[in-house]
2 protein chains.
Amino acid sequence: MSQRDFVSADEVARRAGVSRSAVSRAFTPGASVSDTTRQKVLQAAEELGYQVNHLARGLMRNESGIVCLIVSDVATPYRSTLLRELTLQLQLAGKVAMLINTDRSDGSVNRALEQAIRYRADASVILSGLPDKSITELCLRSGQRLVLINRDEDQSGAFHINLDDREAAGRVVTAFVRAGCSRLAFANSEAGTPSLMAREAGFIAAAKEQGLDVIVERHGSTGYEAGRVVAQRLLTRKERPDAVFCATDLLACGLMDAARHQFSLSIPQQLCIVGFDDIEQASWSSYRLTTFAQPIGAIAREAVAWLSQGGVADGRSLTLQADLIWRDSVRGG
Amino acid sequence: MSQRDFVSADEVARRAGVSRSAVSRAFTPGASVSDTTRQKVLQAAEELGYQVNHLARGLMRNESGIVCLIVSDVATPYRSTLLRELTLQLQLAGKVAMLINTDRSDGSVNRALEQAIRYRADASVILSGLPDKSITELCLRSGQRLVLINRDEDQSGAFHINLDDREAAGRVVTAFVRAGCSRLAFANSEAGTPSLMAREAGFIAAAKEQGLDVIVERHGSTGYEAGRVVAQRLLTRKERPDAVFCATDLLACGLMDAARHQFSLSIPQQLCIVGFDDIEQASWSSYRLTTFAQPIGAIAREAVAWLSQGGVADGRSLTLQADLIWRDSVRGG
DNA sequence: TTGTAGGCGTTATCAT
DNA sequence: ATGATAACGCCTACAA
């Protein structure tokens, strides 16, 4: 390691002609220091380029200020938007985000949480994957807060933020029926995460109420390419669907592109499509996708509010509604 | 704050019937411990759910394992991809990423670096913005490494990774001329970052060598919407351009969509377009954009290799080439 | 190989 | 309001 030499409170104290404690107090909001000494300290610190060592402070205060964000597929539009919002809110709350990428292999969520513990993170936010119960219990027992976004509901003590996926799916059926569609399909990935499966189940159930069957096709991960593959399967059937609900916008974009450029179908005339997430691309004029907007701002705000609150926090569950954004991929908006 | 109670090395030592130091050694690769005690310690740790406190360890070792990633516009395709790659490489190198969002206001890069110092980050990687020299010197002086990606060249002691933007721009002119284009335009944002301006300058210079003028149009930030606005300006001129080089793919997508859907132009027959970054959307069948692929993997690898190397590191500069990806937005690939 | 003692840079407690 | 002193949890000589 190269030589590291950060300036310490001692040096500031010496230069300002006060004690270490005075320096500490000058950097602690609400501590009892006279204005004159505070000024002396602040000036000395400025001149030396002193910054409080948060490693040491965290050790003492038993509060690191660190919040771990555990996530896979960061490069995905929806994920990266959520990430942006979370980091922003965290910073506003005086916290700092530690980003842990779980793209590689399974069980990596567990390893990520261990990392969170090692850095004594005040809280962890899980955006992807599902950790084992033993490790989340360890977190909770250690006093580390846990927020699960769009994850399953089985971790007591943690804060769950979910969308009402089933309700949303029901509205899609209504929209499709109103558009005169009758051959419904659902495009999903093989990921099988709770929220994705809830959309699928909700769609099927609502369709059944209308006396309609649903063709379900699943493939790969939740991306553009998977959408193309699913389109291939769906649009070569003898009984071609006239309406597809896609579990995510990325799937929808892939499916829409294939439908247009490979099968020469007009949208929404010959095929209605609804997506989920309202990623930026959904509004691009090549897509103009009717889709559900996740309340990303609200999710981030609620998450940060909960994890940065003082006092003992109980586990809790919050269900938010997704907004249906009408654009041009369904007839008769 | 709720009660926090992480298990410490003391407790592990007691349970394993050894001393604290034995515990420490058991978790230090290459320390001299007998296999039997190591096993005892590891088992006790496992049972108690012990994890080494990296705050304390960082304090002692003078090496936190933290690397700060300083970035704005995280939700942008190119940025988020780079972020994914960097976090992955960092984790492979045994480091952990601290993400600092500088979306708000100016001078926030300076604040971000101060944050990096407070957490005693081993290094900082700057993906956006440009810090004041005084603060980067403080970082360097404190022994914190600095990597600047696609930033300006004026920070000595830091590691600079840049693309050869001018060379790339030159190749675009060649491609346009070969496609029979003669009314060249450059679409840029008003951001004015070094790499963006280098692409612009390089394009103009290369065109001049061919005896060609370039219409330059700049607007807003580097996004899809700006591309639409620029298209508006460019395509309503009496002398409509027949080839546009866009500073980024996002601009290119916006411009292409406007050209097609608003001006009913065929691409590449009536208008050739080249972008930069090779974001995922560039390959989608609605765009099939000819563009430059940033060597993101190499950038991330080089950055992490440099910042995690032992010993004293000198400032250094690395220039990488961008690969031209031929797709369908230029005639005669 | 093992345990003991001292120190890393803070903050909190206690006098003054 | 200020300064000395004791933690916080860990690592690392040093001694055994």
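What you see is a predicted model, and the numbers here were worked out from it, not measured in a lab. The analysis underlying the following values was restricted to heavy atoms, covering all of them including side chains, and did not include hydrogens, waters or symmetry mates. So that the names make sense, note that chain A is the first sequence line, chain B the second, and so on, each numbered from 1.
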Rounded interatomic separation in angstrom, taking CG from A:L55 and C1' from D:dC11: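 Result: 14 Å.
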Atom-to-atom span, CD of B:Q39 to P of C:dT1 - whole angstrom: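 Roughly 15 Å, once rounded to whole Å.
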Distance test, side-chain N/O of B:S19 to OP1/OP2 of C:dG3, below 4.0 Å: yes
Do [X] and [Y] make a side-chain contact, defined as non-hydrogen atoms from C-beta onward lying under 4.5 Å apart?
{"X": "B:L83", "Y": "A:L99", "result": "yes"}
{"X": "A:S124", "Y": "A:L113", "result": "yes"}
{"X": "B:E85", "Y": "B:I299", "result": "no"}
{"X": "A:E63", "Y": "A:K95", "result": "yes"}
{"X": "A:R120", "Y": "A:I66", "result": "no"}
{"X": "B:F159", "Y": "B:L307", "result": "no"}

Under-4.0 Å salt bridge between A:R20 and A:D10: yes
Estimated bend of the helix from C:dT1-D:dA16 to C:dT16-D:dA1 (axis per five terminal pairs, rounded to 10 degrees): 40°
Letter per nucleotide, 5' to 3', of nucleotides 8-16 of chain C [B base touched, S only sugar-phosphate touched, - untouched; heavy atoms, 4.0 Å]: BBBBB----
B:R316 CZ: over 12 foreign heavy atoms closer than 6.0 Å: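 Enclosed: over 12 neighbouring heavy atoms sit under 6.0 Å from CZ of B:R316.
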